[in-house]
Amino acid sequence: MLSNQDNELLTRVGPGTAMGELLRRYWMPITAVTEFEKETVRPLRLLGEDLVLYKDQAGTFGLVDRHCAHRRADLSYGFVEECGLRCNYHGWLYDEKGRCLEQPYEDTAAPQARFKDKIHINAYPVESHAGLLWAYLGPAPAPLVPNWEPFTWTNGFRQIVFADVPCNWFQGQENSIDPVHFEWMHMNWSVRLRGKTGPYSPKHIKVAFDEFEYGFVYRRIREGMNESDPLWTTGRVCLWPNALFTGNHFEWRVPVDDENTLSVTWCFSRVPKEREPYVQDRIPAWHGPVKDPYTGRWISSHIMNQDFIAWTGQGTTADRTKEHLGTSDEGIVMLRKRFLNDLDLIAQGKDPKAIIRDSEINKCVGLPVAERQALTEGLPFAQLRKHPLLGRELIDGYPFQAGQPAEVRRLFQEAMGTD
């Protein structure tokens, strides 16, 4: 268990908090590029700060304080100009650096005062990468947006999926290093959700956890497996500081504030060999529901929806003073200790874990991938369809979250040649 003091330390993310200062050292995915094909201004909350994301008429993205410095009007109702975002109340104009470019009345009545030069609102860098928009709220100099290896893969259909989960982010990230839950939360519970009482999934008989440069690897052996299985030799990745990487998709647990999390998934589906070369012009994005609108109950039909139930079931912020960890929770303990160590590092003015500043390294940052050959070299359609993990989507639809739009499903089938 954790002390109440350490539980507070690891879960609070607002400005001035220790974990908030740590997480601000990393780029956070906040939305998809394609979501700004039509909209130009969006309010958002990130790490306890109320902000506005906008795309001006020149195509520049800005992330600024939600309130105008003049009379605190809501800039999410402002409108974009050739350069910047203009407040709809009195016309003050701000650029992506938070500088005030125009104050229409002041510029006319007292131009010599140059009052606008004295005004600045909070603004944070935004970068576009892998179809996502990333924000950095930390101190300069900013590190590089990681160019994870799967971002460089070709011949794949990619999609980006969001969900709003009403609980603290740390519950989601601890889920990223908990292999045994897969047996019960996903396999066995899914059997029961289908109205059956068995047979249950093969049991976990051995798990192991290893730290590496960009996070932790968890490895498993279940009944019927041996130590030559890729899930033991390679494993899955708890990606630092707030993501899971399973080989064909990433899941980020982005802290909105202390009580809410934005789940962001980037998913890669390799097309069959018969469909190569495949080039995707745009990456579709969609938002999945977490509750059934008719019953008010959590949706439990898909993998990540089941995870969301586990996270929120622990409470808005889990009380870790009341838990009783077992031997399968070794990874949880390692995760917590590493975060506490990173808090000490930044207190000393040092970089925490997994910060990338070397552009050569960032050309392609490799990660452990259990199904590497199938994902990077591809499989013929007949083999892909039979693959126990990668073939599910061909038959059953998108497995990770409920609510995939029909249009995205159609694009996937078109890419795979199953339409």
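We count residues from 1, following the sequence as given.
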Check your understanding: For the rings on Phe216 and Phe209, is their centre-to-centre separation under 6.0 Å?
Key -> no
Check your understanding: Under 6.0 Å between ring centres, would you say that holds for Tyr105 and Phe115?
Key -> no
Review point. Heavy-atom distance under 4.5 Å between the side chains of Leu63 and Leu44, does that happen here?
Key: yes
Review point. Between Arg385 and Leu394, what is the shortest heavy-atom contact and its length?
Key: CA-CD1, 3.8 Å
Practice item. Decide whether Gln306 and Ser190 meet the rule of one side-chain donor and one side-chain acceptor closer than 3.5 Å. Key: yes
Review point. If we ignore angles and hydrogens, is there a donor and acceptor under 3.5 Å between the side chains of Gln159 and Tyr398?
Key: no
Practice item. Examine Trp240 together with Phe339 and report whether their ring centres are nearer than 6.0 Å. Key: yes
Review point. More than 12 foreign heavy atoms under 6.0 Å from CZ of Phe212: is that the case here?
Key: yes
Exercise for review: Would you please indicate yes or no on a ring centroid separation below 6.0 angstrom for Phe245 and Tyr214?
Suggested key: no
Check your understanding: Is any NZ, NE, NH1 or NH2 atom of the basic residue among Arg275 and Glu414 found under 4.0 Å from an Asp or Glu carboxylate oxygen of the other?
Key -> no
Check your understanding: Sub-3.5 Å donor-acceptor pair from the side chain of Asn168 to the main-chain atoms of Asp258, do we have one?
Key -> yes
Check your understanding: Just wondering, are more than 12 heavy atoms of other shown residues or ligands nearer than 6.0 Å to CZ in Arg194?
Key -> yes
Exercise for review: Would you indicate whether the side-chain heavy atoms of Phe170 and Leu335 approach each other to under 4.5 Å?
Suggested key: yes
**Study point:** Within 45° cone of Phe182 ring axis and under 6.0 Å: Arg222 NZ or CZ
**Key:** no
Study note, to complete from the structure: On a heavy-atom basis, the closest approach of Leu9 and Ala18 is CD1-CB, 3.6 Å
Review point. Do the side chains of Trp169 and Met19 get nearer than 4.5 Å, heavy atoms only?
Key: yes
Exercise for review: Indicate whether the side chain of Ser176 and that of Gln173 have a donor and an acceptor atom separated by less than 3.5 Å.
Suggested key: yes
Check your understanding: Going through the checks in order, is the side chain to side chain donor-acceptor pair (under 3.5 Å) test met by Asp50 and His67?
Key -> CA-CA 8 Å; Asp50 290 314; His67 297 285; 5.5 Å; no
Check your understanding: Is the number of heavy atoms from other residues, nucleotides or ligands within 6.0 Å of CD (Glu407) greater than 12?
Key -> yes
Check your understanding: Going by an N to O cut-off under 4.0 Å, is there a salt bridge joining Lys337 and Glu211?
Key -> no
Practice item. Would you check if there is a donor-acceptor pair between the side chains of Glu35 and His287 at a distance under 3.5 Å? Key: yes
Review point. Taking the six-membered ring for Trp, are Trp134 and Phe151 parallel (under 30°), tilted (30 to 60°) or perpendicular (over 60°)?
Key: perpendicular
Revision key, fill the gap. Smallest heavy-atom separation, Ser263 atom then Val165 atom, equals CB-CG2, 4.3 Å
Check your understanding: Hey, does Phe79 have a side-chain heavy atom less than 4.5 Å from the side chain of Asn88?
Key -> yes
Check your understanding: Do the ring planes of His70 and Trp92 sit parallel (below 30°), tilted (30 to 60°) or perpendicular (above 60°)?
Key -> parallel
**Study point:** Over 12 foreign heavy atoms within 6.0 Å of CZ, Arg410
**Key:** yes
Check your understanding: Are there more than 12 heavy atoms of other residues, nucleotides or ligands under 6.0 Å from atom CD of Glu39?
Key -> yes
Point to revise | Validation row: Pro104, Arg86 side chains within 4.5 angstrom (heavy atoms) | key: yes
Check your understanding: Are any non-hydrogen side-chain atoms of Asp6 and Arg336 less than 4.5 angstrom apart?
Key -> no
Practice item. Could you tell me whether a side-chain N or O of Asn7 sits under 3.5 Å from a main-chain N or O of Asp319, the two making a donor and an acceptor? Key: no
Exercise for review: For the residue pair Asp65 and Arg72, establish whether any side-chain heavy-atom pair is separated by less than 4.5 Å.
Suggested key: yes
Practice item. Evaluate the side-chain proximity of Asn305 to Trp298: yes if any heavy-atom separation is below 4.5 Å, no if none is. Key: no
Review point. Would one find more than 12 heavy atoms of other residues, nucleotides or ligands at under 6.0 Å from atom CZ of Arg42?
Key: yes
**Study point:** Heavy-atom neighbours of Glu274 CD exceed 12 at 6.0 Å
**Key:** yes
Review point. Is any NZ, NE, NH1 or NH2 atom of the basic residue among Asp342 and Lys353 found under 4.0 Å from an Asp or Glu carboxylate oxygen of the other?
Key: no
Review point. Minimum heavy-atom separation for Ile309 to Ser300, with atom names?
Key: CD1-CB, 3.7 Å
